[in-house]
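Here is the structure we will look at, set down as structure tokens.
Reminder, nothing fancy here: chain letters follow the sequence lines and each chain counts from 1. What's counted below: heavy atoms across the whole structure, side chains too, no hydrogens, waters or symmetry copies. Every value quoted in this text rests on a predicted model; they were computed, and no experiment measured them.
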Amino acid sequence: MSDSPQNDSRHNDQPQEFQTLSGEPVRMVRFRIARPQREEQWGQYVVPVKGHTTLVDALEWIKSNIDLTLMFRHSCHHGSCGTCGMIVNNKQALACTTRVMDLVEEAEAAGEDRKSFAIEVRPLQTMDHLGDLAVDPARLFRDFPVDADYLRPSEANKGSEVPGEITGYQRFENCIECGLCVSSCPVVTMRDFMGPAGLAAYNREVTKHPERSGELLPRVDSDRGVWGCDRHLACSQVCPTGVYPAKHIVQLQKKIKKTKQESGQE
Amino acid sequence: MSHGHVVVIGGGGTGAAIIHDLIQRGFTATLVERGELTSGTTGRHHGQLHSGARYAVGDREIARECMEEVRILQAIAPQALEMNYGLFVALTDEDVAFAPEFIQACREATIPVREIPLDQAFRMEPHLNPEIKMALQVPDGTIDAWRLPLHFFATARAAGADIRTFTEVVGIHSRAGAVTGVRVLNHATQEESDIAADLVVSATGAWAEKVAALAGIHIPVTPAPGTMVAVKKRLNNMVVSHLHPAGDGDIIVPQRGLSIIGSTQWKTDDPDTVEVPRADIDYLTRRATELMPVFGETPFHAAWSASRPLAGASSNVEDGRKLSRDFIAIDHGRSDGVKGFISIIGGKATVLRAMGEKTVDLICDLVGVQEPCRTAETPLLQHRAFYNPHLVTKGAAS
């Protein structure tokens, strides 16, 4: 709603660094935020940042102090829901576990000019754009086994005793379905490819439930499935929860080959 | 053959359960949320699935309701829960002296509670403080704070609910003392438009005061944020709680590869400008270390705050029907002369389905519809179905 989403000017007179009354250091950090659906294309904002301020905190600050219509997805603020994936300084990341001061220190180490330096934030690519930093993750889930089991045995404190009421400790999957891998995958940007997140989910599902192999493996045995992977490994590098999708794709390829050998095909 | 069109404001857990129940009972409904779903309070909650044990001494009814909902959620949304039980541990003699009252209260609330010999407790949770004096097992667990509400949204959407994100309510229309619809601002297009409604439900929790003000109504709601801190390792499988009258920083909830201590509580004026106080992080880490010493040695993962609503005193809040001991529905037709406008404040994630049921019971009363609630027996679609309504197996949602 605001006519000018930029707040650069009003902070020109403020010191770049100061301390709160309680002695906490604060740094004024400049952000350049993609707003592709707006006439101005980019918004420039200067945000007060403390040691533990995350990118999602900074975006919320902009939203509540400057422009209530800044669009970005967020929910849990601790890296579990997977909604706040963005491209931060040209790298896919979760906004809620990205500490702003880490980005500042990185830029300084790379010799960036302190005064003109800005953290650049863009929406994830390869997904439908909703506005500003928000995308529609439907593209990500289109190639998921939609009913895949989201639970798995917990690896914590291996061998520990389990309450009599349950058969084993369970936990949610590591994959938080954030789409960073799909956004980083060069193949997804080039041609029709199911993408790393969905393929990894297929592999987890047939690993946990081998009885579903006959139904699920044929769905990924194609050029838009496992054979589309060019092994760029970008997916495994950007994954914030250590899923290593590329590893799952290789495992799926092996499972398909093995199934075919056993059934006498090829 | 709709019983009427309802606009639900707020895409948190309460709104999710309400719109699902409305659709199940034959209403048509539109839900509007100014940001992403569960981006206010719900998504940032601690993630505990409450057996009710924590509340039993203070309020048997809340505890009994929690236990009932745990059983229901296990049946209708098992994929959104880590059902690993929980241990309440005594750190002092005073805590041990509290145990009989705690056990009695749990039993009265139908919560199966039993004492676990200490050596067995350490075999279950090896990181427990070796000095603990007693351990009690209860059916606690973990909720996926994003995916549980999404189960409700997915099921509602597949059955025809209209769910709009990044759509902010900027006005509430009424004519002759009755609500007629809402005016919304689409954040993407920056355009305003109207949505007609027979009823408007504000399920906006800590934001309820701001939303009611759009209809010229004052309800005092104090946002009461609390902080949570997660470490980068799953140290426990069961929820570990301090056996004492409920207080700050006394529960460690495991989730995925994390352990999360919470929470604190303070009061503020504006639910939107909530910052994590540095002192809270230190305090919570210290409290967690009392329960599991290794917590303090584990790398920090994240700290965040969520604004919970505290409903203040005023005539309409006092008039508000207490749908449960800890959440209220205010029928603004009765208390403020705006028929068809309802505010829901309070509640907790574990009992979201029950909040939906009670709210829609009230709505049915208001419009004179007799339609039983079926959400306790209706399995929900998985979270991913929200984005793939066309892939959903027919029949599952209806």
Side-chain angles (χ1 to χ4, degrees), chain A residues 1 22 24 37 50-54 57 60-61 63-65 68-83 96-97 130-132 134 136-138 140-142 144 146-151 154-157 160-163 165-166 169-174 176-177 241-242, chain B residues 34-39 42-44 47 78-80 82-85 120 123-127 137 139 144-147 165-166 168 185 187-190 228 230 233-238 254-258 260 270 272-273 275-276 278 281 301-304 382-385 387-388 391-392:
Chain A
M1 282 287 268
S22 61
E24 243 185 306
Q37 84 282 14
K50 294 179 183 173
H52 58 267
T53 304
T54 65
D57 294 335
E60 282 213 297
W61 189 91
K63 195 174 160 87
S64 34
N65 289 282
L68 194 62
T69 68
L70 177 69
M71 292 169 68
F72 59 100
R73 302 178 65 222
H74 65 111
S75 176
C76 78
H77 291 216
H78 61 278
S80 290
C81 69
T83 58
C96 72
T97 51
L130 295 175
D132 298 332
D136 180 350
L140 169 77
F141 291 107
R142 195 184 68 200
F144 257 75
V146 67
D147 55 349
D149 194 346
Y150 197 59
L151 292 164
S154 168
E155 73 284 12
N157 306 327
S160 53
E161 192 172 322
V162 173
E165 292 83 352
I166 53 176
Y169 293 119
Q170 282 193 309
R171 50 156 288 186
F172 303 125
E173 279 293 349
N174 269 337
I176 53 171
E177 303 165 341
T241 54
Chain B
R34 67 172 197 183
E36 175 56 283
L37 298 172
T38 74
S39 59
T42 300
R44 287 180 232 189
Q79 291 275 307
E82 292 180 359
M83 193 59 224
N84 294 325
Y85 285 70
Q120 189 185 0
R123 288 199 302 274
M124 288 167 149
E125 291 298 344
H127 293 303
Q137 182 192 301
D144 188 313
W146 159 248
R147 290 172 180 81
T165 55
F166 301 103
E168 181 185 358
L185 168 69
H187 285 186
T189 61
Q190 297 285 301
M228 278 135 289
K233 190 172 180 203
R234 186 185 180 104
L235 303 168
N236 45 324
N237 284 310
M238 306 172 78
Q255 180 239 97
R256 292 187 173 74
L258 307 172
I260 303 164
D270 185 355
D272 285 319
T273 52
E275 210 186 310
V276 175
R278 174 76 234 181
I281 302 177
H301 175 68
W304 66 98
Q382 271 197 47
H383 65 278
R384 296 181 200 102
Y387 296 103
N388 295 275
L391 295 182
V392 169

Residue among [options] with most heavy-atom pairs under 4.5 Å to chain B:
options                               : value
A:Asp149, A:Thr241, A:Leu140, A:Thr54 : A:Asp149
A:Gly79, A:Cys76, A:Gly51             : A:Cys76
A:Cys81, A:Ala138, A:Gly82, A:Gly131  : A:Cys81

Could you tell me if the side chain of [Y] sits less than 4.5 Å from the side chain of [X], heavy atoms only?
X        : Y        : answer
B:Gln137 : A:Pro163 : yes
A:Ser160 : B:Arg123 : no
A:His78  : B:Gln255 : yes
B:Arg384 : A:Tyr150 : yes
A:Val162 : B:Met124 : no
B:Arg234 : A:Ser154 : yes

Task: Heavy-atom proximity to chain B below 4.5 Å, by part of A:Thr97 - done: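 For A:Thr97, the side chain is the part near chain B, not the backbone.
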
Open item on the list: If I measure from the heavy atoms of chain B, does A:His52 come under 4.5 Å with its side chain, its backbone, both, or neither?
Closed with: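 Looking at A:His52, just its side chain touches chain B.
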
Heavy-atom cut-off 4.5 Å, strictly under: side chain, backbone, both or neither for [X] against chain A?
X        : value
B:Pro78  : backbone
B:Ile281 : side chain
B:Leu235 : backbone
B:Ala188 : both
B:Met83  : backbone

So how far is it from [X] [atom1] to [Y] [atom2], rounded to the nearest 0.5 Å?
X        : Y        : atom1 : atom2 : answer
A:Tyr169 : B:Asn236 : OH    : CG    : 9.5 Å
A:Leu70  : B:Phe166 : CG    : CZ    : 9.5 Å
A:Arg73  : B:Thr38  : CZ    : OG1   : 9.5 Å
B:Gln79  : A:Leu151 : CD    : CG    : 5.0 Å
B:Asp270 : A:Ser64  : CG    : OG    : 7.0 Å
B:His127 : A:Asn157 : NE2   : CG    : 4.5 Å

With distance as the sole test, does [X] use its side chain to make a donor-acceptor pair with the main-chain N or O of [Y] at under 3.5 Å?
X        : Y        : result
B:Arg256 : A:Glu173 : yes
B:Asn237 : A:Ala156 : yes
B:Gln382 : A:Asp147 : yes
B:Asn84  : A:Gln170 : yes

TODO: Would you mind checking if A:Glu177 and B:Arg147 are paired as a salt bridge, meaning a charged N to carboxylate O distance below 4.0 Å?
DONE: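 Salt bridge between B:Arg147 and A:Glu177, a charged N being under 4.0 Å from a carboxylate O: yes.
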
Open item on the list: Between B:Arg44 and A:Glu60 (salt bridge meaning N to carboxylate O under 4.0 Å), is one present in this structure?
Closed with: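 Result for this pair is yes, salt bridge flagged.
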
Identify the two heavy atoms, one from [X] and one from [Y], that lie closest to each other, and give their separation to 0.1 Å.
X        : Y        : value
B:Ala80  : A:Phe172 : O-CZ, 3.3 Å
B:Leu258 : A:Ser80  : CD1-OG, 3.9 Å
A:Thr69  : B:Gln190 : OG1-NE2, 3.2 Å

- [ ] Please work out which of the three classes, parallel, tilted or perpendicular, describes the rings of B:His383 and A:Phe141, given edges at 30° and 60°.
- [x]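 Because their plane-to-plane angle is over 60°, the rings of A:Phe141 and B:His383 count as perpendicular.
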
TODO: Compute whether any side-chain donor of one residue and acceptor of the other, for A:Ser75 and B:Ser39, lie under 3.5 angstrom apart.
DONE: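 Result is no, nothing qualifies.
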
Open item on the list: Which residues pass the salt bridge (Lys or Arg N to Asp or Glu O under 4.0 Å) test with A:Asp136, not counting sequence neighbours?
Closed with: none

Open item on the list: Can you list everything that forms a salt bridge (Lys or Arg N to Asp or Glu O under 4.0 Å) with A:Glu24? Sequence neighbours excluded, please.
Closed with: A:Lys50

Task: Max heavy-atom pair count under 4.5 Å with chain A, selected residue of B:Glu82, B:Glu36, B:Arg34, B:Arg278 - done: B:Glu82

